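Here is the structure we will look at, set down as structure tokens.
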Amino acid sequence: MEIKGRFDHFNINVTDLERSLRFYDEALGLKEISRQKAADGSYELVFVGDGVSSFKLELTWLRDHAATPYELGENESHLCIRVAGDYDAVRAFHRSRGWVCFENHEMGLYFINDPDDYWIEVLPLK
């Protein structure tokens with residue numbers, strides 16, 4: 001049997017949903033696509049996307065999680081976003097906001113942190 005899977009979405013848990021939505025919009029241009037709220041208020045899911053691909057990032061807020069940061073452990077997983085336009089200008093903007101957390105000049109890439117300390121690799125579109 002050959003299975004042909006397709007990427008749909010990736011989930012991260014966030015401590016402040018509105019703060020995360022502002023970050024993903026301002027830093028990467030990702031916009032809200034849909035929202036689901038538990039009837040009892042125990043969770044809220046917001047899917048954001050780039051308006052081009054079908055891939056979505058799911059931001060999950062859990063009411064009963066302590067207001068402390070999530071423990072991300074040693075898992076070095078990360079998202080990667082390609083940005084159009086002037087890559088150096090985008091990097092300068094990210095630097096001016098204090099979001100750049102790692103740069104690899106030899107490889108021509110850098111990473112930014114979201115409000116919950118998830119790392120996002122930023123590459124030029126081409």
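The figures here come from the full heavy-atom set of this structure, side chains too, leaving out hydrogens, waters and symmetry mates. Worth saying up front: this structure is predicted, and the values here are computed from it rather than measured.
- Applying the side chain to side chain donor-acceptor pair (under 3.5 Å) test to H65 and every residue at least two apart in sequence or in another chain returns nothing.
- Evaluation of the salt bridge (charged side-chain N to carboxylate O under 4.0 Å, His left out) rule for D40 yields no partner, not counting sequence neighbours.
- For the side chain to side chain donor-acceptor pair (under 3.5 Å) test, residues two or more places apart in sequence or in another chain that qualify with E32 are R35.
- The closest side-chain heavy-atom distance from V46 to L17 is below 4.5 Å.
- With sequence neighbours excluded, the residues forming a side chain to side chain donor-acceptor pair (under 3.5 Å) with K31 are D25, listed by chain and number.
- Atom CD1 of residue I81 and atom CG of residue D50 lie 7.0 Å apart, to the nearest 0.5 angstrom.
- One hydrophobic cluster, built from ILVMFWY side chains closer than 4.5 Å, cannot hold both V48 and V52; they sit in different ones.
- For S96, the side chain to side chain contact (heavy atoms under 4.5 Å, CB included) partners two or more places apart in sequence, or in a different chain, are F93.
- Separating the OG atom in S54 from the CZ atom in F7 is a distance of 11.0 Å, to the nearest 0.5 Å.
- If you check the side chains of T60 and E58, you find a donor sitting under 3.5 Å from an acceptor.
- Residues in residues 23-56 take part in these ring pair (Phe, Tyr, Trp, His ring centres under 6.0 Å) pairs, two or more places apart or across chains: H9-F47, F23-W99.
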With a cut-off of 3.5 Å and sequence neighbours excluded, list every side-chain donor-acceptor pair involving residues 118-126.
{"from": "Y118", "atom 1": "OH", "to": "N13", "atom 2": "N", "distance (Å)": "3.4"}
{"from": "Y118", "atom 1": "OH", "to": "N13", "atom 2": "O", "distance (Å)": "3.1"}
{"from": "E121", "atom 1": "OE1", "to": "H78", "atom 2": "NE2", "distance (Å)": "2.9"}

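- Every pair passing salt bridge (Lys or Arg N to Asp or Glu O under 4.0 Å) that includes a residue from residues 94-108 is listed here, sequence neighbours excluded: E26-R97, R91-E103, R95-E103.
- Under the side chain to side chain contact (heavy atoms under 4.5 Å, CB included) criterion, R19 pairs with T15, D16, R22, P115, D116, sequence neighbours left out.
- With sequence neighbours excluded, the residues forming a side chain to side chain contact (heavy atoms under 4.5 Å, CB included) with R63 are S42, W61, listed by chain and number.
- Listed by chain and residue number, N113 satisfy the side chain to side chain donor-acceptor pair (under 3.5 Å) test with D117 (two or more places apart in sequence, or in another chain).
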